[in-house]
There are 2 protein chains.
Amino acid sequence: MDRPVTSEAPAITTDIVLFTLRADALQVLLIRRRNEPFKGMWALPGGFIEPDEPLEDGAARELEEEAGISGVYLEQLCTFGRPDRDPRRRVISVAYYALAPADGLTPRAASDAEATGWFPANDLPPLAFDHDEMVNTARERLAAKLGYSTIAVQFLPERFSLGDLQVVYETILNRPLDKRNFRKRMLAIGLIEATRDERRNGNHRPARLYTARNPGEVEIIK
Amino acid sequence: MDRPVTSEAPAITTDIVLFTLRADALQVLLIRRRNEPFKGMWALPGGFIEPDEPLEDGAARELEEEAGISGVYLEQLCTFGRPDRDPRRRVISVAYYALAPADGLTPRAASDAEATGWFPANDLPPLAFDHDEMVNTARERLAAKLGYSTIAVQFLPERFSLGDLQVVYETILNRPLDKRNFRKRMLAIGLIEATRDERRNGNHRPARLYTARNPGEVEIIK
DNA sequence: GCAAAAGTGTTCCAGATACACCCATGT
DNA sequence: ACATGGGTGTATCTGGAACACTTTTGC
């Protein structure tokens with residue numbers, strides 16, 4: 001087990017599947033690759049880990065460097081290591097997924113990214129490497145986690161209405177939910193609390209605003 | 001051991017948390033390290049990945065090389081990459097967990113392992129590296145997965161009684177279950193089927209034997 | 001006949017589901 | 001006044017939990 005030949009050692013990258021909700025659809029952040037391999041193709045943001053950097057820090061750094069996005073919820077997804085997944089050499093990638101609120105985060109291209117863009121998860125362009133697999137795995141994890149954790153609020157700004165929250169669930173689960181049952185359950189769980197504020201939107205009754213009891217935390221429920 | 005930190009690329013290892021049920025307790029396979037670092041200490045089986053080897057194959061190979069065990073259920077757990085988790089240099093480890101039926105698997109020490117042994121998961125010796133963290137993560141995953149998958153049969157031989165299966169659940173969940181409810185649920189799920197055979201054990205009624213409908217497969221239920 | 005594990009049904013409760021109308025606002 | 005999304009309660013269904021006795025065997 002000791003002493004691997006150094007030149008044989010695989011390289012390590014992180015790749016990040018950053019989801020958001022825009023235009024009532026689940027969207028994924030992609031970058032257009034400035035360099036080979038797969039130059040000009042769309043790919044997930046990501047890159048090589050630095051020598052003394054924790055993995056999650058590396059993922060956060062790549063997201064910041066390539067897309068100018070920081071401060072989002074980030075969780076390790078799975079590690080992809082097929083020997084031929086990178087045409088250059090053996091590269092093992094620790095995939096993360098991240099969730100961003102819909103508003104306020106405007107990606108800007110930089111570093112290895114020639115451009116950035118949000119793409120509907122249901123209609124992605126061809127992706128570099130095995131990034132389509134990563135997106136699929138991340139979508140499954142996200143949908144599963146909606147059911148047993150408080151992850152949904154990570155898609156919303158600090159204050160939100162129950163209608164907003166219901167849209168998150170409906171979009172990710174891709175089916176309509178009953179409004180009364182949804183509200184009953186959400187309030188019963190007790191992880192969000194009403195503020196004294198309302199939001200006046202359009203020609204209709206204002207919506208009561210809620211906040212997460214533990215913003216930033218994703219708890220397992222039931 | 002006094003290897004200077006020269007190489008920039010982190011090294012990749014896999015480590016395996018192999019569980020079994022013995023003496024009505026959840027047990028973990030450990031090896032005693034033959035080499036530095038942590039020489040003489042107990043650790044999980046594992047080691048460096050080979051240049052063209054898929055990650056899961058590497059985990060299976062290490063299990064075979066160090067403990068002589070093969071053919072068990074193996075699933076990726078999580079990747080551990082704290083920069084200081086290996087005192088020699090940066091090493092990132094992709095942890096797997098594995099489940100072995102109670103009978104028939106006798107580990108033999110070889111390779112980097114000076115000895116092997118089963119240890120109760122509730123009473124482990126001090127472990128090398130961050131292997132205690134890996135064991136804890138694996139235990140949580142295993143307990144969670146009992147609830148929503150058919151993973152439990154991986155602990156049993158091809159044919160088993162409903163009593164055997166119940167012991168698996170009770171041991172991992174660490175609480176007694178109601179026999180009638182347990183049987184009702186297991187049979188309702190429909191992932192095991194009765195054979196025409198019984199097992200005569202002691203001074204009591206013989207137990208009907210069952211088999212998994214899809215042995216080797218772990219399905220998500222409900 | 002007795003010890004020991006296998007096998008078997010019903011009642012009860014809690015949480016999920018189905019479902020329709022009034023409320024507050026802007027135009 | 002009307003259009004728009006916000007907000008509310010009840011009846012029903014279903015799956016999980018609680019619970020005790022008979023069966024078959026070896027000694």
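Here is the naming used below: chain letters follow the sequence lines, and residue numbers restart at 1 for every chain. Basis for what follows: all heavy atoms, side chains included, without hydrogens, waters or symmetry-related copies.
- Between the CZ atom of A:Arg199 and the P atom of D:dG6 there is a distance of 8 Å, rounded to whole Å.
- The nucleotide whose nearest atom lies closest to any side-chain atom of A:Lys222 is, among C:dA16, C:dA24, D:dA3, C:dA16.
- Taking only side-chain atoms of A:Lys179, from C-beta outward, the nucleotide of C:dA6, D:dT8, C:dA16 with the closest atom is D:dT8.
- Crowding of B:Arg213 atom CZ: a count of heavy atoms from other residues, nucleotides or ligands under 6.0 Å exceeding 12.
- Regarding A:Leu177, its CG atom lies at a distance of 13 Å from the C1' atom of C:dA18, rounded to whole Å.
- Among the protein residues, A:Arg183 comes within range of the nucleic acid bases, having at least one heavy atom under 4.0 Å from a base atom.
- Between the CG atom of B:Leu209 and the P atom of C:dA5 there is a distance of 17 Å, given to the nearest Å.
- One atom, CZ of B:Arg200, and another, P of D:dC27, lie 12 Å apart when rounded to the nearest Å.
- Comment: A:Lys145 engages A:Glu75 in a salt bridge, judged by a side-chain N to carboxylate O separation of less than 4.0 angstrom.
- For the pair B:Tyr169 OH and D:dA17 P, the computed distance is 13 Å after rounding to whole Å.
- In this structure, B:Phe182 places its CZ atom 15 Å from C1' of D:dA17, rounding to the nearest Å.
- When the P atom of C:dG7 is taken as reference, atom CD of B:Gln166 falls 11 Å away, rounded to whole Å.
- As rounded to whole Å, 21 Å separates atom P of C:dG15 from atom OH of A:Tyr148.
- Considering only heavy atoms from C-beta on, B:Val153 stays 4.5 Å or farther from B:Pro215 through its side chain.
- Among the nucleotides D:dT4, C:dT25, C:dA6, the one closest to the side chain of B:Ala207 is C:dA6.
- Considering only side-chain atoms of B:Lys184, the nucleotide from C:dG9, C:dA4, C:dA24 that sits closest is C:dG9.
- Here A:Phe160 and A:Tyr210 keep their ring centres 6.0 angstrom or further from each other.
- At a cut-off of 3.5 angstrom, counting only N and O atoms as typed in the model, there is a donor on one side and an acceptor on the other between the side-chain of A:Arg180 and the base of C:dA20.
- Judged by distance alone with a 3.5 Å cut-off, a donor-acceptor contact links the side chain of A:Asp178 to the base of C:dC19.
- Salt bridge annotation for B:Arg85-B:Glu133: absent, with no cationic side-chain nitrogen under 4.0 angstrom from a carboxylate oxygen.
- Of the listed nucleotides (D:dA3, D:dG5, C:dA6), D:dA3 has the atom at the smallest distance from the side chain of A:Asn203.
- Checking B:Gly163 against B:Asn181, the closest nucleotide of DNA chain C that is more toward the 5' end is the one next to B:Gly163.
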